Amino acid sequence: PPSTMRISCAAGGLLLLLTTASAFGTVSPNYSSLPRKTASPTFIRGGRLHASTVDETTMVSTENLALLSKRGQEAILLLQQDKAQHHVVADWPAPGTEDDGKIRLAEQLADLNDSYPGGLTAYLTKAKRLLKESADGTNPFSDYQALVPEGEHLSFDQEGTMDFNEAEQLGLTGIADVALVLVAGGLGERLGYSGIKLSLETNLCTGKSYLAFYIHYLQAMQYVAEIKTGRKNVKIPLAIMTSGDTDGPTRELLTKNHNFGLDDDQITIVMQDKVAALKDGNAGLALDDNDRWSVQTKPHGHGDVHHLLYREGLVSKWQKEGKKYVIFLQDTNALVINSIIPTLGVSMKKGFDMNSICIPRLAGEAAGAITRLEHKTDPDKSLVINVEYNQLDPLLRTQGDCKGDVADPETGYSPFPGNANNIVIEMDAYAKTLRGEDRGVVVEFVNPKYKDDSRTEFKKPTRLECMMQDIPKLFQKEMGKEANIGFTMFDRWFTFSPAKNSLESGIEAVSKGSLAPGTMSSAESDKYIQNQRKLKFAGMDVPVTTEKDLVTIGGIPVTPGPRIILCPAFTISQQEILDKIQGGKITQRSSLVLEGHNLVVKNLDLDGALVIRAGPNSHVTVDGLRVRNDGWELKEIPEDADIPESVRIRGYTMAKNDSTIYIIKEPGNFLIGPDGELKKLD
């Protein structure tokens with residue numbers, strides 16, 4: 001059948017991103033060589049230090065201090081009070097030698113002081129305490145007993161503790177009143193990619209990037225929300241947390257693509273900053289190995305997102321707009337969007353203040369587990385929170401049968417749900433917690449790699465870190481027993497296949513028996529398999545890939561097909577799939593892309609590649625269509641081939657030999673019948 005294409009022009013919009021001051025400041029990569037002038041008094045965060053204390057007895061001479069801005073002087077004087085930092089301020093050459101370097105260091109220290117809540121004093125004080133606890137081997141859970149928390153297990157195509165469709169339909173009634181937060185502070189270095197992960201293509205069938213995919217899902221939520229609620233012009237706000245590494249490229253990606261169709265006022269970008277690296281157990285600042293006038297910095301972690309949202313006033317703004325839930329997503333796990341709406345439904349039914357999206361977890365698996373920590377003497381200190389795998393097993397060995405992190409014999413999995421690190425939080429409880437004493441600054445931790453058993457020197461500098469999923473500690477502090485925190489668990493195939501590892505590390509993992517290498521290719525393959533199962537559930541004759549069916553391409557086991565993409569505009573719910581797919585069959589070698597809110601596919605007979613895209617006002621029925629063409633196939637990349645980096649990291653390319661394509665954007669009712677002709681019915 002011939003390809004049919006109808007194209008309508010869309011008005012381009014001027015991108016205006018809401019650029020606001022970062023909660024953790026912005027450390028400029030290029031510091032001015034001239035001191036900054038300010039009339040403010042000498043002030044050290046955490047305490048006052050008057051300029052009269054500057055004399056010949058200080059480690060930095062009065063003449064060198066005079067080279068610096070007031071804020072630079074403050075930072076230097078602060079470090080002189082801490083013996084662990086004397087290596088930073090000692091042995092400065094006389095004025096006239098390396099003055100630009102001195103100014104650059106002082107300004108960087110001042111920025112680090114300004115960017116961290118409580119200043120460098122607070123940062124270094126916390127670091128010394130946490131490093132001592134680490135060196136002493138202090139068990140943070142010695143006063144707690146680990147219990148399985150309250151939650152629900154939902155299954156798309158099997159029985160769960162709560163009916164999947166019930167949870168999803170309830171969630172659909174609430175999607176008009178949510179805000180989405182996308183945590184995207186990382187580059188694709190672990191994937192072998194030099195750009196931002198959000199720019200990577202989720203699959204080669206459509207070539208849509210992760211950012212485009214998430215935004216298109218948000219747009220589909222808006223479309224369905226208007227139908228469900230009868231409200232017009234529903235807008236779901238999107239906040240993106242970037243870092244110094246990803247901020248510019250993220251803005252550029254949005255600008256080039258006109259926000260992927262979102263209105264300018266829907267997107268807010270908040271940028272986190274890095275924190276000072278620490279060289280030893282005394283929390284001494286780590287200077288750059290090749291530049292004594294620069295302090296090494298490292299990412300602070302995605303836990304910054306809570307404080308950033310508070311500082312930027314976004315939570316207060318969303319509250320005033322009537323938003324009731326905040327949904328937090330990670331950047332390269334495309335499958336998780338399936339879980340958003342049913343998880344929201346569970347939160348609404350159970351009254352959860354925080355609801356973690358989870359997956360079944362193998363006993364001993366290197367993944368965190370959602371756990372109820374029951375305090376042995378003070379019930380007010382009990383909480384539900386993620387516990388990392390290397391802490392869970394020792395804790396479980398101190399209680400009950402003392403066997404540790406072992407499987408439940410009935411399920412074969414750990415009784416503790418695995419944390420997929422995507423969260424739904426109720427807005428009022430979140431706002432109350434963020435307005436508390438800590439202002440959303442979650443409890444930090446330190447994870448140094450020691451050189452030897454003396455646990456005093458590090459293999460490389462460390463830093464304080466924080467994690468988004470540790471917000472329950474603040475809920476417990478601000479709300480006590482009132483905090484209702486739970487989980488919703490889904491099958492892995494439905495919600496979890498992140499792209500996080502390079503092709504080379506994935507191949508190594510596979511050679512050791514791993515079935516989840518976490519590469520771009522495995523994430524893409526799992527996307528196709530998920531959609532195979534969805535169409536099978538709807539009654540279509542579709543071969544569903546199992547472990548024994550996987551074929552190795554580019555060193556990674558992937559599905560042989562069919563490769564199916566159900567775009568967000570085609571379906572965001574189980575009921576939509578059941579309503580829009582009626583019968584039909586697809587061969588294993590086939591590829592299928594479906595997009596359109598009002599697209600219905602009946603009795604499709606596909607052996608090849610088929611793409612159907614319908615506009616929001618195009619009502620298209622496909623009935624009895626028979627497609628035969630050469631289709632698309634994956635081909636391994638020769639070593640000397642000139643292939644873009646974003647494709648090379650998959651280990652294969654997609655050869656689109658032949659396709660049948662329908663693109664219908666004209667409003668009206670259309671039919672595509674067995675002969676393949678597109679007919680307008682009115």
Side-chain angles (χ1 to χ4, degrees), residues 24-25 27 31 35 42-95 98-135 273-298 300 444 446 448 450-451 455-465:
F24 288 102
V27 178
Y31 296 98
T42 301
F43 176 70
I44 293 179
R45 299 186 70 160
R48 289 187 177 276
L49 184 63
H50 297 283
S52 60
T53 61
V54 181
D55 56 34
E56 288 77 5
T57 64
T58 59
M59 302 186 73
V60 175
S61 68
T62 303
E63 293 78 11
N64 271 325
L65 282 173
L67 298 171
L68 312 178
S69 67
K70 285 289 184 69
R71 63 195 301 270
Q73 291 177 16
E74 295 168 15
I76 295 299
L77 294 172
L78 183 151
L79 294 191
Q80 289 188 164
Q81 297 177 352
D82 183 353
K83 290 183 179 180
Q85 315 308 332
H86 283 185
H87 64 288
V88 179
V89 294
D91 302 321
W92 280 28
E98 299 187 67
D99 290 350
D100 284 353
K102 300 168 191 173
I103 293 169
R104 181 161 47 84
L105 173 64
E107 290 302 307
Q108 184 191 19
L109 290 169
D111 283 337
L112 289 169
N113 190 47
D114 289 343
S115 66
Y116 188 84
L120 277 173
T121 299
Y123 181 76
L124 296 172
T125 299
K126 288 181 186 178
K128 289 179 181 181
R129 173 176 58 81
L130 291 172
L131 286 167
K132 183 178 186 306
E133 291 176 358
S134 174
D273 211 346
K274 295 181 179 180
V275 293
L278 310 168
K279 71 182 184 70
D280 54 36
N282 294 317
L285 296 177
L287 295 177
D288 191 296
D289 293 337
N290 301 311
D291 182 3
R292 72 152 297 177
W293 304 113
S294 177
V295 174
Q296 293 185 48
T297 58
K298 290 177 175 284
H300 191 224
E444 294 155 302
V446 65
Y450 294 103
K451 282 186 177 180
R455 300 175 73 86
T456 55
E457 296 185 26
F458 306 152
K459 292 181 179 179
K460 60 181 180 180
T462 189
R463 82 287 196 187
L464 295 191
E465 300 179 62

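Fair warning: this is a prediction, and the values are worked out from it, not measured in the lab. Note that the numbering runs from 1 along the sequence shown for the chain.
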Heavy-atom check, side chain of Phe458 versus side chain of Lys279, under 4.5 Å: no
What's the spacing between Leu112 CG and Lys274 NZ if we round to 0.5 Å? 11.5 Å
Is the closest basic N to carboxylate O distance between Lys128 and Asp82 below 4.0 Å? yes
Assess whether side-chain contact (heavy atoms from CB on, under 4.5 Å) is satisfied between Leu67 and Trp92, documenting all intermediate values. CA-CA 12 Å; Leu67 298 171; Trp92 280 28; over 6 Å; no
Should Glu465 and Val275 count as side-chain neighbours, where that means a heavy-atom distance under 4.5 Å? no
In Å and rounded to the nearest 0.5 Å, what is the CD to CD distance from Gln85 to Gln80? 11.5 Å
Smallest separation among heavy atoms of Pro95 and Glu63, with atom names: CG-CB, 3.5 Å
Using side-chain hydrogen bond (donor to acceptor under 3.5 Å, both in side chains) as the criterion, list what pairs up with Lys126, not counting sequence neighbours. Tyr116, Glu444
Identify the heavy atoms of Ala277 and Pro461 that sit nearest to each other, and give their distance. CB-CB, 3.9 Å
When rounded to the nearest 0.5 angstrom, what distance separates OG1 in Thr125 from CZ in Arg129? 9.5 Å
Does the side chain of Ile76 come within less than 4.5 Å of Asn64's, by heavy atoms? no
Using the side-chain hydrogen bond (donor to acceptor under 3.5 Å, both in side chains) criterion, which residues pair with Glu133? Sequence neighbours excluded. none
Heavy-atom closest pair, residues Ala106 and Ala75: O-CB, 4.2 Å
Smallest heavy-atom separation, Ser134 atom then Tyr450 atom, equals OG-OH, 2.7 Å
Measure the spacing between CG of Asp280 and OG1 of Thr462 and express it to the nearest 0.5 Å. 11.0 Å
Using side-chain heavy atoms (C-beta onward) and a distance below 4.5 Å, is Asp273 in contact with Asp111? no
How far apart are the closest heavy atoms of Ala276 and Leu285, and which atoms are they? CB-CD2, 3.6 Å
Please walk me through it: do Leu109 and Leu78 pass side-chain contact (heavy atoms from CB on, under 4.5 Å)? CA-CA 10 Å; Leu109 290 169; Leu78 183 151; over 6 Å; no
Considering all heavy atoms of both residues, which atom of Leu131 and which atom of Pro448 are nearest to each other, and what is their separation? CD2-CG, 4.2 Å
Would a distance-only check, ignoring hydrogens and angles, find a side-chain to backbone donor-acceptor pair under 3.5 Å from Arg463 to Thr297? no
Rounded to the nearest 0.5 Å, how far apart are OG of Ser69 and CZ of Arg71? 6.0 Å
Lys298 side, atom NZ; Leu278 side, atom CG - distance, nearest 0.5 Å: 10.0 Å
